[in-house]
Amino acid sequence: MGSRLQLFRLKKPFETERSNKLFLRALRENCAYHYTHCPEYKQILDEARFAPEDLKEYADIARIPPIPTLFFKRHHVYSMPRRRTLIRATSSGTSGQFSDIRFDTGGLWAGLWMVLTVAKQRRLLSPRPCHYIVMGYRPHRSNKTAIAKTAYGYTLFAPALSRTFALKYADGKYSPDLDGIVNAIVKHSRSRFPTRFIGFPAYTWFVMKRMEERGISVKLPEHSIIMLGGGWKQFYREQVDKREFYEMAERILGVPEDHIVEAFGAAEHPILYCDCPHHHFHVPVYSRVIIRDVHTLEPVENGKVGLVNLLTPMVKATPIQSIMTDDLGILHDASECPCGIPAPWLEIIGRVGLKDIKTCAAGAGDILTAAVAETDKEGKA
Amino acid sequence: MILANGTVYETSEQNRLLDTLEQEIDRTRATLTLDPETVIRAVSVLRQRVLDGAFRDLIASFLTDSPDHYIQLAADFMDGDSLRYRMAREFGKEFAAEEHVTPPYGVSGATVRFMPLGTLFHIAAGNMDGLPAFSVLEGLLTGNVNVLKLPQADNGLTVEIFRQLIAIEPTLAPFIYVFDTPSSDVTAMRRMAEMSDGIVVWGGDGAVSAVRALAPTGAKLIEWGHKLGFAYISGYENKEAELQALADHILESRQLLCSSCQTVYLDTERMDDVRAFCREFLPYLDQAARNYPIREVGAVAEMTLRRYTERLERAIGGQDANDGRETFRGNTVSLTACPDSELELSYMYGNPLVKRLPQKDLLPTLRRAKGTLQTAGLLCPPDRRAALSDLLARAGVDRIMRAGHMSVTFCGEAHDGEYPLRRYTRVVNMED
């Protein structure tokens, strides 16, 4: 069994530090693979005077040049011919640009182990049938976004009695159907079987708001779960305080806080991050997080804000082993969470951006306009 | 929110108001005259309210730093004596005072006087705070009727300023119309443009060309575009103090202003000098970063990511990943030694570019950047200041300042090479 599969078959998903050696080995193999099979990746490593053999000690993983998600949006680069890649996932498009990440069979196999292990740990796997309310897209052949696929994937954790989608596809575009969702919730609240919510937190919030306005509150059956994921996107400005969200879920839907599970992943880093009972995102064995200084891109110590660099040896088809997101985050020591999980946890605090800057320097205004337009479009994608 | 002739209306009333606006303005222009002294007196009263903290919360809501500095700048601008000084500077005589002339040929006698352009339509890009109000104040000083399209980011400050100004001096009401029309409502903007004699636009190339597209033929376009500042170093008067002043200016202004230093030019042909300067200047820049710490983490991160991505893109394009450039890193700042000499935007937030520009190449190189030239910070020995200032001015630079004063404004100074109040007026000749 290769190092990658060994890593993804580990039984304890948060014994992260103990898996460092294995992670390093898997990453080295992965790095060597991309270096040999992806000419652009080789050029990038060569320019940075870095070779896969330089991964000697665990600390060396920080030396792999991270590839920004912006790069994957502008350049579609692969380490495998198309016929050998199994599926592709695209991230939400920004101004017509989107990353096109392809997956190989081995990577998907590893991913399956990961999802099962993490879901089991968070008690999401259940033989009890349930109704699903998906706060996202109904899968459609025109929609290859990772989020649509992931959301759909989550509806496989427990047998589905029904699936209701918040974003309906009609006349070539998606639009939200909040009232349809409210009606489904009311109907499901009378069912013997639990309901599971999946998808964009902001939509869940809007649905609860709509119910509150209309004076509707329900008590969903026991074992109902709210699974949040997909990011806040354009709702950053309306970003609700988490506490308020939990309080509202209890009041409007009758779902207690410990039945709210938040998860995130990205096309460029397809690792399932699932929160702990204290709603912290501990780094699972499959992934590593390096927070980098916003000026120098050098790694910073835990507790400091910086750009979020994510690493994983999961995928061979696309060189996404070390990617730099456009999120700002903090990595906290494991000891800063009372849940007992021995892995550090990642807190996303915002996004890079020029939205609030004021400038009259020639050209800077145009960068600003473009950046703001990208953010806005991304939100609408 | 809309403010028209002293009354506040809902945004939804826009088109109804526009239907009768031209008639209303025509009536004002045919019968009323706005005396600058009336405006100055009202602004002085408003200034005192600003100093007393009346707008403090509104001002603070769009600033990351303390509003005190900003309030002081506004107070300087609004001071009655400053405004009178400005008027005198720009018009050379009392505005609206008639002057009688006896020209050598043509007619035996005529009267000459400044008159308002008529109706000014102000379009301020949203990214400079308070700007929309200042633009309209300049229009009022010169007696114009002012139609202002608010930037999207306006937080209510502009309408509040004019509501109070009109309360202080009700005769100003028919000269002020403020609309919160979004830029996407081109139809409404075109209607405003069509009833205007002058269109004042503040913003980058994108904003300016959008306005050009909707301006009717015959309207005077008054464009205050975005500019690029630079420092020119050809020796020193007091080296340490000047370098520190330049570094402080770079960090304090975040390199975000028209007048901010983006590129540091050295009077040399040798790249070795450029690199040596970077090594020498870096500690000053580090010190400045401690004096003026940068808190805009998201913006800095965005610029760093862009810069890094461009580097990777050059790498896969088979080009030199550094584009022939060499970066010298400080703690949170950097200097990039570049082999070319073009005037260019830096990565801002304490990351200037350093380039060669020997005196003999100065004029031909800078002349090519004519659309963006504005401020130069000149560092040189005292005995060469006059000659170098002259050379920079000949190349098209409008403001030649000392290193630390690149973004300092003074009362009565020209704006991008012109007297702004003059641009909002016309000269009328009347034969005896």
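Keep in mind it's a predicted model, so treat the numbers as computed, not measured.
Proximity to chain B is absent for every atom of A:Pro39, based on heavy atoms less than 4.5 angstrom apart. Contacts between B:Thr332 and chain A at a heavy-atom distance below 4.5 Å involve backbone atoms as well as side-chain atoms. With a threshold of 4.5 angstrom between heavy atoms, B:Arg314 does not approach chain A through any atom at all. Using a 4.5 Å cut-off between heavy atoms, A:Thr69 does not touch chain B at all. Of the atoms belonging to B:Asn331, it is backbone heavy atoms, and not side-chain ones, that fall under 4.5 Å from chain A.
By the 4.5 Å heavy-atom criterion applied to side chains, A:His75 and B:Ile316 are counted as neighbours.
Side chain of B:Tyr308 to main chain of A:Ile67: no donor-acceptor pair is present (N/O by atom type, distance under 3.5 Å, no hydrogens or angles). Remark: side-chain polar atoms of B:Thr309 are not paired, donor with acceptor, to backbone N or O of A:Phe71 under 3.5 angstrom.
Note: B:Arg329 CZ to A:Glu298 CD = 8.5 Å, rounded to the nearest 0.5 Å. Separating the CG atom in A:Asp326 from the CZ atom in B:Arg306 is a distance of 10.0 Å, to the nearest 0.5 Å. Atom-to-atom distance recorded for B:Asn351:CG and A:His295:NE2 is 8.0 Å, nearest 0.5 angstrom.
No more than 12 heavy atoms of other residues, nucleotides or ligands lie within 6.0 Å of NE2 in B:His405, so this atom counts as exposed by the packing criterion. Heavy-atom neighbours of B:Arg290 CZ from other residues, nucleotides or ligands within 6.0 Å: above the threshold of 12.
Nearest heavy-atom pair, A:Pro68 versus B:Leu305, reported as atom, atom and distance to 0.1 Å: CB-CD2, 4.0 Å. Across all their heavy atoms, B:Arg311 and A:Glu47 have their closest contact at NH2-OE1, 2.9 Å. Closest of all the heavy-atom pairs between B:Ala301 and A:Leu328 is CB-CD2, 3.8 Å.
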